[in-house]
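Some notes on the structure that comes next.
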2 protein chains.
Amino acid sequence: MQATPTALDQQVPRPPKELLASTGFLLARLGYALKARSIKEFELAGLVPYHYSVLALLDEGACQSQATIAEALRLDRSQLVGLLDGLEERGLVERRRDRNDRRRHLVSLTPSGRGALAKCRAIVKRLEGEFLAPLDEESRQTLHDLLLQLARHYDPRFGPGGESG
Amino acid sequence: MQATPTALDQQVPRPPKELLASTGFLLARLGYALKARSIKEFELAGLVPYHYSVLALLDEGACQSQATIAEALRLDRSQLVGLLDGLEERGLVERRRDRNDRRRHLVSLTPSGRGALAKCRAIVKRLEGEFLAPLDEESRQTLHDLLLQLARHYDPRFGPGGESG
DNA sequence: TATTGTTATACTCTATAACTATA
DNA sequence: TATAGTTATAGAGTATAACAATA
C-alpha cells in the first residue's frame with residue numbers, strides 16, 4: 001500500500017476536478033508554467049525568450065528590417081526596439097542604415113550572436129527535455145504533431161510552405 | 001495546383017522554422033492564445049476566467065475559507081479578494097464570518113451563482129469546441145491524455161486520488 | 001507570536017499613441 | 001501623405017509586503 005489518496009485529498013486543497021476535464025485549461029496552464037521556466041532559464045544568460053526568437057530569425061535570413069522582424073514574430077515595432085537594444089549592447093546583433101531607404105535599419109547577426117544562439121538552443125533543448133520527461137519518445141512526437149496541427153490552423157505562416165520546394 | 005508556397009513565403013515574414021520544432025514553444029503559444037480568447041469570452045459575461053474557477057471549486061465543496069480557495073487555485077490570498085468582491089457584488093457568492101474562528105470568511109455559492117456557473121460551463125464548452133475544431137475526436141482525446149499526464153507530473157494534486165474510492 | 005482577510009506597492013508585459021526622420 | 005524607428009504612456013496581471021482583527 002502506498003499513501004492513501006484520501007490523505008492528499010484532505011490535507012491540501014485541490015483544484016476543481018472540472019477544470020482537469022478541460023483540454024484548454026490544461027493547455028493554458030502548462031503553457032504558462034513552461035513560459036515561466038523559460039524566462040527564468042534565459043535570465044541566467046542575461047536574455048529573455050524573445051531574444052532567442054530574434055536570433056533564430058536572423059540566423060535563417062539575415063539583414064532584415066525591424067518592421068519585418070516584428071511582423072515575423074508578431075511583436076509590436078515598439079516592443080522590438082528594446083529587444084534589439086539589449087542584443088546590440090551585448091554585441092550579438094548589428095543595426096545599420098539601409099542605403100536604399102535611410103529610414104530602415106538592417107539587422108544582422110554578429111559572430112558573438114551566433115555563439116549566443118547556440119547557447120540559447122542548448123537552454124531550450126535542456127528545458128524541453130526536462131519538461132517533457134514524463135512522456136516517452138513516442139508520446140512526445142504525438143504531442144508535437146497535435147500541437148503543430150493546431151498552431152498551423154491558427155497561423156497559416158506555420159504551415160509547410162517552402163518545405164515542398 | 002494550389003497557391004504556391006513560395007508566394008506566402010515571400011509576401012509575409014514568417015516566424016523561425018526552428019521554433020516550430022519546439023514542443024514547448026507551441027505549447028506556450030497555443031496556451032497564450034487560448035487564454036486570450038477565454039478572457040475575451042468571459043468579459044462578455046462580466047467575468048474573468050478565474051471567476052469560473054472559483055465558482056467551480058465552490059460547487060464541488062461549498063463553504064470554504066478564502067485561504068483554502070486561494071491555495072486550491074494556486075492564487076495569492078490578496079488576489080482572491082478582488083475576485084470574490086466581483087462575485088459578491090453580482091450576488092453569485094456569499095461571505096459569512098466563521099463562528100468558530102472569526103478571522104475566517106466562509107464562502108458559498110448562491111442560487112444565482114449556480115446559474116452563472118452553468119453559463120460559464122457553456123462558454124468553456126463552446127470555446128474549447130471551436131479551438132479544438134481542427135482535430136478529430138480521437139486526436140482530442142489523445143491530446144487531453146498527454147496534457148493530463150504532464151499536468152499531473154507538475155502538480156500531484158491533479159492526480160487521480162479520490163477517484164479510486 | 002501566528003494566521004486571516006485586506007490594502008498598498010511595485011514590477012513585468014503588453015497595447016496604444018505620439019514623435020522624428022526619411023520617403 | 002505615408003512609412004520606419006523611437007519614445008512615452010497607460011493598462012492588465014502578478015508578486016510582495018505591510019496592516020488590522022483575531023487566535
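Proteins come first, then strands; the chains are lettered A, B, ... in the order of their sequence lines, and each starts at number 1.
- To the nearest 0.5 Å, the span separating CD on E18(A) from OH on Y52(B) amounts to 3.5 Å.
- Taking every heavy atom of residues 82-105 of chain B and every atom of DNA chain D, pairs under 4.0 Å involve D101(B), R102(B), R103(B), by number.
- Taking 4.0 Å as the cut-off between side-chain N and carboxylate O, R126(B) and E130(B) count as a salt-bridged pair.
- Taking the charged nitrogens against the carboxylate oxygens, D59(A) and K17(B) have no contact shorter than 4.0 Å, which rules out a salt bridge.
- Which of dT14(D), dG5(D), dT16(C) sits closest to the side chain of Y32(A) comes down to dT14(D).
- The stretch residues 35-54 of chain A has no heavy atom under 4.0 angstrom from DNA chain D at all.
- In this structure, CZ of R77(B) is placed 11 Å from C1' of dT16(D), rounded to the nearest angstrom.
- The residues E60(A) and R14(B) are annotated as not salt-bridged, no charged nitrogen and carboxylate oxygen being separated by less than 4.0 angstrom.
- With values rounded to the nearest 0.5 angstrom, H153(B) atom NE2 is found 10.5 Å from Q149(B) atom CD.
- In this entry the distance linking CG of L80(A) with P of dC13(C) reads 15 Å, nearest Å.
- Within the 4.0 Å cut-off from OP1 or OP2 of dT16(C), not a single side-chain nitrogen or oxygen of Q79(A) is found.
- Computed from coordinates, the L73(A) CG to dA15(C) P distance equals 14 Å when rounded to whole Å.
- Here dT14(C) presents its C1' atom at 16 Å from CZ of R74(A), a figure rounded to the nearest Å.
- To the nearest 0.5 Å, atom CG of residue D145(A) and atom OG1 of residue T23(B) are 9.0 Å apart.
- In this model, a side-chain donor or acceptor of S78(A) finds a partner on the base of dT16(C) within 3.5 Å.
- One can place CG of D76(A) at 13 Å from P of dT6(D), the figure rounded to the nearest angstrom.
- Two rings, from F131(A) and Y154(B), have their centers less than 6.0 Å apart.
- Test L57(B), V107(B), L106(B) against Q64(B) for side chain to side chain contact (heavy atoms under 4.5 Å, CB included) and you get one pass: L57(B).
- Tracing side-chain contacts under 4.5 Å through hydrophobic residues (I, L, V, M, F, W, Y), one never reaches L55(B) starting from V81(B); they form parts of separate clusters.
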